[in-house]
Amino acid sequence: MDVARMDGNGGGRLTSASAVESGSARRRRRSRLTPEREAELYTSVLDLLRKVGYDSLTMDAVAARTRCSKATLYRQWAGKPQLVAEALRHEKPATLAGIDTGSLRGDFTAVVAQMDGLRMEQDTALMRGVLQAAHAHPDLLAALRELLVVPELSSLEALLGQAVERGEVPADTAALSYVSYALLGSVIAHQLLEDKSADPAFVGAYIDAVVLPSLGV
């Protein structure tokens with residue numbers, strides 16, 4: 001079962017096993033930082049990113065803010081794009097990875113239960129700035145796709161694959177290829193139409209009213 005991925009042409013697959021593995025291998029090769037220290041650093045990076053924006057964010061500023069040497073930063077991450085992408089992935093408000101409640105509806109309910117309205121509002125504003133910067137910085141766009149987008153789409157594919165294996169959704173259901181577009185599009189459209197960020201209630205209602213019926217659930 002394949003889930004459509006966003007590529008430069010709007011309809012192809014984005015995920016490659018090598019892309020996911022390269023990010024994982026890079027994380028395995030580094031690491032003198034404890035998970036706790038790494039989490040603190042990611043939080044500080046995003047706080048700084050909210051304050052100054054991507055263009056004004058420097059590794060010098062990150063080093064000063066986190067009391068971490070630049071040598072250590074570059075040993076852990078190839079550069080600013082990779083550090084920002086990893087920080088966004090670490091601090092994302094919800095994850096699809098590892099969810100298996102026994103039903104697709106239950107799986108999506110578990111995802112929505114992780115969400116927090118205030119956090120979603122803050123993260124939406126942050127991501128708008130980051131995505132705007134990505135248009136001017138191809139290296140940032142590449143890092144976001146490899147380290148943030150690809151892993152999440154892989155997790156969504158696994159979640160939908162579980163539903164197919166359980167017999168909830170036929171494998172040839174056309175809508176399987178468009179779930180990622182529907183979920184992302186609904187959040188973007190909500191901001192445009194309502195002039196405010198989507199909240200967990202909206203996401204849950206959208207999944208119930210649009211996503212699950214399109215899959216025959």
Side-chain angles (χ1 to χ4, degrees), residues 5-6 14-16 19-99 111 114-156 180 183-184 187-188 191 197-198 200 203:
R5 306 307 180 86
M6 295 175 289
L14 170 64
T15 297
S16 69
V20 176
E21 289 170 3
S22 65
S24 299
R26 191 158 45 244
R27 285 189 290 274
R28 287 194 299 269
R29 284 198 301 269
R30 62 193 196 203
S31 214
R32 296 183 180 177
L33 297 180
T34 66
E36 294 76 16
R37 177 65 172 131
E38 196 170 67
E40 290 175 3
L41 194 146
Y42 286 145
T43 298
S44 295
V45 167
L46 295 189
D47 287 345
L48 194 57
L49 186 60
R50 290 187 180 95
K51 182 176 297 185
V52 304
Y54 182 80
D55 286 334
S56 298
L57 182 71
T58 66
M59 295 297 268
D60 285 318
V62 171
R65 177 71 174 260
T66 61
R67 301 182 302 280
C68 185
S69 72
K70 285 178 63 178
T72 298
L73 292 178
Y74 281 110
R75 187 163 55 243
Q76 304 290 314
W77 299 277
K80 181 172 76 168
Q82 292 75 25
L83 175 55
V84 168
E86 291 266 26
L88 289 168
R89 181 182 179 185
H90 185 271
E91 297 289 320
K92 63 185 182 295
T95 183
L96 301 169
I99 292 179
V111 173
Q114 300 175 45
M115 298 177 178
D116 174 83
L118 177 59
R119 176 78 177 275
M120 290 179 68
E121 183 177 354
Q122 294 172 340
D123 288 346
T124 299
L126 177 62
M127 284 303 300
R128 280 202 305 270
V130 171
L131 292 176
Q132 184 175 2
H135 287 292
H137 299 278
D139 53 351
L140 173 60
L141 179 60
L144 290 172
R145 288 164 71 93
E146 177 189 351
L147 301 173
L148 181 64
V149 177
V150 165
E152 287 304 298
L153 289 179
S154 295
S155 295
L156 177 60
S180 57
L183 292 173
L184 180 60
V187 174
I188 294 173
Q191 179 70 47
S197 302
V203 175

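For the single chain, residues carry numbers from 1 onward in sequence order. Here the structure is a predicted model, which means the values were calculated and not measured.
- In this structure, L96 CG and L156 CG are separated by 6.0 Å, a value rounded to the nearest 0.5 Å.
- Salt-bridge formation is detected for the pair E152/K92: a Lys NZ or Arg NE/NH1/NH2 atom is positioned less than 4.0 Å from an Asp or Glu carboxylate oxygen.
- Residues forming a side chain to side chain donor-acceptor pair (under 3.5 Å) with S69 (at least two apart in sequence, or on another chain): T72.
- Summarising the geometry, atom CZ belonging to R37 is positioned 5.5 Å from atom OG1 belonging to T66; distances are rounded to the nearest 0.5 Å.
- The minimum heavy-atom distance between A134 and L141, with the atom names listed, is O-CB, 3.9 Å.
- Between the OG1 atom of T95 and the NE2 atom of H90 there is a distance of 11.0 Å, given to the nearest 0.5 Å.
- Residue Q132 qualifies as open at atom CD: its count of foreign heavy atoms under 6.0 Å is 12 or below.
- Each of L131, V130, L49 was compared with Y54 under the side-chain contact (heavy atoms from CB on, under 4.5 Å) criterion, and only L49 meets it.
- The side chain to side chain donor-acceptor pair (under 3.5 Å) check on T58 picks up nothing, with sequence neighbours excluded.
- Residue pairs that meet the ring-ring contact (aromatic ring centres under 6.0 Å, His included) test with at least one member in residues 117-136, sequence neighbours left out, do not exist here.
- The shortest side-chain heavy-atom distance between L41 and L83 falls under the 4.5 Å cut-off.
- Of all heavy-atom pairs spanning L148 and A85, the tightest one is CB-O, 4.5 Å.
- Heavy-atom minimum distance, V203 versus A198: CG2-CB, 4.4 Å.
- Summarising the geometry, atom OG belonging to S197 is positioned 7.5 Å from atom CE belonging to M120; distances are rounded to the nearest 0.5 Å.
- A donor-acceptor pair under 3.5 Å is absent between the side-chain atoms of Q82 and the main chain of A143, judged by distance alone.
- In terms of the side chain to side chain donor-acceptor pair (under 3.5 Å) criterion, T124 has no residue partners (sequence neighbours excluded).
- With contacts defined as side-chain heavy-atom distances shorter than 4.5 Å, the pair D55/H137 qualifies.
- Note that CG of L147 and CG of L88 are 10.0 Å apart. Values are rounded to the nearest 0.5 Å.
- For K51, there are no salt bridge (Lys or Arg N to Asp or Glu O under 4.0 Å) partners at least two apart in sequence or on another chain.
- The salt bridge (Lys or Arg N to Asp or Glu O under 4.0 Å) search around R50 returns D47, D123, not counting sequence neighbours.
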Discussion item. Test side-chain contact (heavy atoms from CB on, under 4.5 Å) on E86 and E38; report intermediate values, then the result.
Written reply: CA-CA 10 Å; E86 291 266 26; E38 196 170 67; over 6 Å; no

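- Of the inter-residue distances, the one linking T43 atom OG1 with R65 atom CZ reads 10.0 Å to the nearest 0.5 angstrom.
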